[in-house]
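Proteins come first, then strands; the chains are lettered A, B, ... in the order of their sequence lines, and each starts at number 1.
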Amino acid sequence: MIYFMTKKTKTAITPTRSENYPEWYQQVIKSSDMAEKSPVRGCMVIKPWGYAIWENIRNVLDGMLKATGVKNAYFPLFIPLSFLEKEAEHVEGFAKECAVVTHHRLEKNGEGGLIPAGKLNEPLVVRPTSETIIGDSFSKWVSSYRDLPILINQWANVVRWEMRTRIFLRTSEFLWQEGHTAHTTREEAVERTHLMLDIYAEFVEKYLAMPVVKGYKTPAERFPGAVDTMCIEAMMQDKKALQAGTSHFLGQNFSRSSGIIFQSASEQEEFAWTTSWGVSTRLIGGLIMAHSDDDGLVLPPKIASAHVVLLPIFRKPEEKTIVMEFTENLSNELKQIFYHNRRIEVEIDTREIGGARGWDWIKKGIPLRVEIGPRDIAQDSLFVGRRDQGHREKKSIKREEFIKTIKDILDEMQANLFERALAFQKDNTVLIDTKKEFYDFFIPENIDKPEIHGGFALSHWCGSENCESQIKTDLSVTIRSIPVNTKKENGKCVCCGKPADKRVVFAKAY
RNA sequence: CGGGGCGUGGCGCAACCUGGUAGCGCGCCUGCUUUGGGAGCAGGAAGUCGGAGGUUCAAAUCCUCUCGCCCCGACCA
């Protein structure tokens, strides 16, 4: 192998994305101080810098949900085992990953330890999702068609005992919102399913700056118990797909099992039509993998934990007074500005001057870094670095100008991130029509240590579950969705060659 | 749960093969120096070597068991 003299650029994160993507992901989280592993297997501690992102997601999305008439409520963490047993497919889907509470007391074991005691008559399952317990409530709340629709959401934690966990992407416990609605007609429920998917897509694209593909899941990928599952899929920088949100049309399955029955205008007893939909802390994992670079986290301004960090620079004590006063004043002024309904959030870092201080904030992904020293103050200007640009591309900006344009700068960054992600997604989305080309696309050159490869393949699928599972077995590639905007186009199934009338999205997935 | 890899100060790693009681870089603390693009020098704090057992005069090192993490697979938001 030939090595050129080009000295490798020093990156804040090792390894880089191309060297080892999964390890890079871990390091970005560690060095941004967003979250850390906990003593509990598969569970994470979300630290303030990471939790702030979740709070921002929650605040924005909560408003968007409420704007469609949804109201928040809260249901129990514990679900009686008998509730889960009511919907056959639903149980089957979740049975393998349930945490079960069987006792309600601890007793001394005589050796300084404790043992569970007080066995429960009926075990309680820590909710993996709440269709059954919310369905039980709905059945009591509904008697007439006049009681419908019911539009409920809850922000909660859920537990799914996963075999393999990955911080933010798949943890045993995670935070989410789950919406549950009940309607008089099939049409209205289907419409709600679409509406919520649209809201998720809008939110993820406009706030998280992640372009998504809206689509339908195949039967094999459907939510257990759903008639139809819709999803938004985003492409990560390793070209894998991430399901960023789902919206389910549950038909009458859950109203049958929970007894959500209403009397219609024509005096008939009917089962309600229900939906459920959710997004989770997984979005934060997606955010990281969609935008971050080899210097660490990159946060879209609209959702960032904070917008700007002020880095005062002074050497002599007499400078300190001037610089700190200028900094405090600037901070107070910036905090008066509203950026997309949220005050500009300012951090001030008074630690010792040095490159390392600035690099910490680069690794934390804060959109703007503002250096303030005596020379800047003399010119009434600031030295500003943007996270979406190289770390050397800092510019001097007049203070007034900065205050006047900070919203525009942040909006421009937000737009840049989206455009960049969209271009990446487009560059790595290809039409594939032959089986050979399809397999070549998804097989890495180096099997032992796979390089970043693949992407979204838009290919024809005959609709058979055999072909779907064959491809999954061969390549660990799955049908991410049948896009809502897919057009009729005659072609051949990329697996079996039989006629098919539309393309679906194939990809490796998280 | 199967296959592979790895557990050593906060982070990243070395020492392990060939046993002799732990070292490096970054970070952290103190002091001095320094011209605002990842500062220099000096001093300092911090480690049950993942855990348990065994072999041995002696174990991070060898053996057995165990726990956890990461990657690949099956499952999933």
Side-chain angles (χ1 to χ4, degrees), chain A residues 9-15 20-27 30-31 33 36-42 92-97 128-129 158-178 200 217 220-224 229 231-234 241-248 276-286 295 311-316 319 323 351-363 369 371-377 382-383 385 390-396 444 447-450 469 472-476 478 508-510:
Chain A
T9 318
K10 192 176 177 189
T11 56
I13 301 293
T14 41
N20 186 343
Y21 195 84
E23 181 59 23
W24 164 84
Y25 174 75
Q26 308 283 340
Q27 292 305 326
K30 204 172 277 181
S31 53
D33 208 31
E36 61 191 26
K37 284 177 277 184
S38 78
V40 186
R41 190 202 121 92
E92 206 183 314
F94 286 107
K96 282 169 284 182
E97 47 186 33
T129 180
V158 283
V159 168
R160 295 183 186 175
W161 214 262
E162 301 288 350
M163 295 175 190
R164 210 172 120 199
T165 58
R166 269 167 159 284
I167 195 158
F168 282 124
L169 295 173
R170 177 169 298 107
T171 44
S172 294
E173 179 190 13
F174 57 95
L175 306 180
W176 77 348
Q177 59 69 216
E178 49 179 323
Y200 288 155
K217 285 295 187 194
E221 299 271 329
R222 223 172 253 159
F223 175 76
T229 288
C231 62
I232 49 173
E233 297 279 331
L242 180 89
Q243 181 173 309
T246 48
S247 185
H248 313 292
S276 69
W277 24 274
V279 299
S280 71
T281 36
R282 172 178 247 204
L283 285 176
I284 298 174
D295 286 329
L311 303 164
I313 291 162
F314 47 81
R315 295 286 178 193
K316 301 164 199 147
E319 286 175 349
V323 171
R351 286 179 301 166
E352 240 181 86
I353 300 150
R357 182 177 65 166
W359 278 99
D360 273 358
W361 290 100
I362 291 175
K363 287 185 277 191
R369 306 183 307 283
E371 296 174 11
I372 303 164
R375 270 192 261 148
D376 302 300
I377 294 172
L382 311 161
F383 213 55
H391 62 89
R392 284 178 210 281
E393 290 178 60
K394 293 186 272 190
K395 284 196 195 91
S396 188
I447 303 278
D448 297 329
K449 197 175 172 296
S469 72
K472 188 173 179 179
T473 308
D474 292 352
L475 302 169
S476 47
T478 48
K508 293 189 181 178
Y510 277 98

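Distances shorter than 4.0 Å separate none of the side-chain N or O atoms of Lys37(A) from OP1 or OP2 on G68(B).
Closest-nucleotide positions on RNA chain B for Phe168(A) and Asp376(A) were compared, and the one nearer the 5' end corresponds to Asp376(A). The nearest heavy atom of RNA chain B to Glu173(A) and to Gln26(A) marks one nucleotide each, and the one closer to the 5' end goes with Gln26(A).
Within the nucleic acid shown, Arg166(A) comes within 4.0 Å of sugar-phosphate atoms alone, with no base atom in reach, counting heavy atoms only. Within the 4.0 angstrom heavy-atom criterion, only backbone atoms of the sugar-phosphate kind lie near Thr165(A); the bases stay farther away. The residue Gln243(A) sits close only to the backbone: its heavy atoms come under 4.0 Å of sugar-phosphate atoms, none of a base. When heavy atoms are screened at a 4.0 angstrom cut-off, Leu169(A) is found touching base atoms of the nucleic acid. Using a 4.0 Å heavy-atom cutoff across all strands shown, Gly354(A) reaches sugar-phosphate atoms only and no base atom. Among the heavy atoms of the strands, none lies under 4.0 Å from Glu23(A). Base engagement by Ala12(A) is indicated by at least one non-hydrogen atom pair under 4.0 Å involving a base atom. Within 4.0 Å (heavy atoms only), Arg164(A) reaches at least one base atom of the nucleic acid. Nucleic acid contact for Thr281(A): none, since no nucleic acid atom lies under 4.0 Å from a heavy atom of the residue. Lys508(A) comes within contact range of no nucleotide atom at all, as no heavy-atom separation falls under 4.0 Å.
Not counting sequence neighbours, Trp161(A) has no partner by the ring pair (Phe, Tyr, Trp, His ring centres under 6.0 Å) test. Take Asp376(A) and apply the side chain to side chain donor-acceptor pair (under 3.5 Å) test, not counting sequence neighbours, and it matches no residue. Partners of Phe223(A) according to the ring pair (Phe, Tyr, Trp, His ring centres under 6.0 Å) rule, which considers only residues two or more places apart in sequence or in another chain, are His90(A), Phe94(A), His248(A). With sequence neighbours left out, the ring pair (Phe, Tyr, Trp, His ring centres under 6.0 Å) criterion links Trp277(A) to no other residue. Under the rule for a side chain to side chain contact (heavy atoms under 4.5 Å, CB included), the partners of Ser31(A) that lie at least two apart in sequence or sit in another chain are Ile13(A), Lys363(A).
Stem analysis of RNA chain B (Watson-Crick or G-U pairs, both distances under 3.5 Å, runs of at least three) returns B:1-7 with B:67-73, B:10-13 with B:23-26, B:28-33 with B:39-44, B:50-54 with B:62-66.
In this pair, Phe174(A) and Trp176(A) present their aromatic rings perpendicular. The plane angle is above 60°, beyond the 30 to 60° band.
When rounded to the nearest whole Å, the span between CD of Glu97(A) and P of C1(B) equals 16 Å.
To the nearest whole angstrom, the two C1' atoms, one in G68(B) and one in C29(B), are 32 Å apart.
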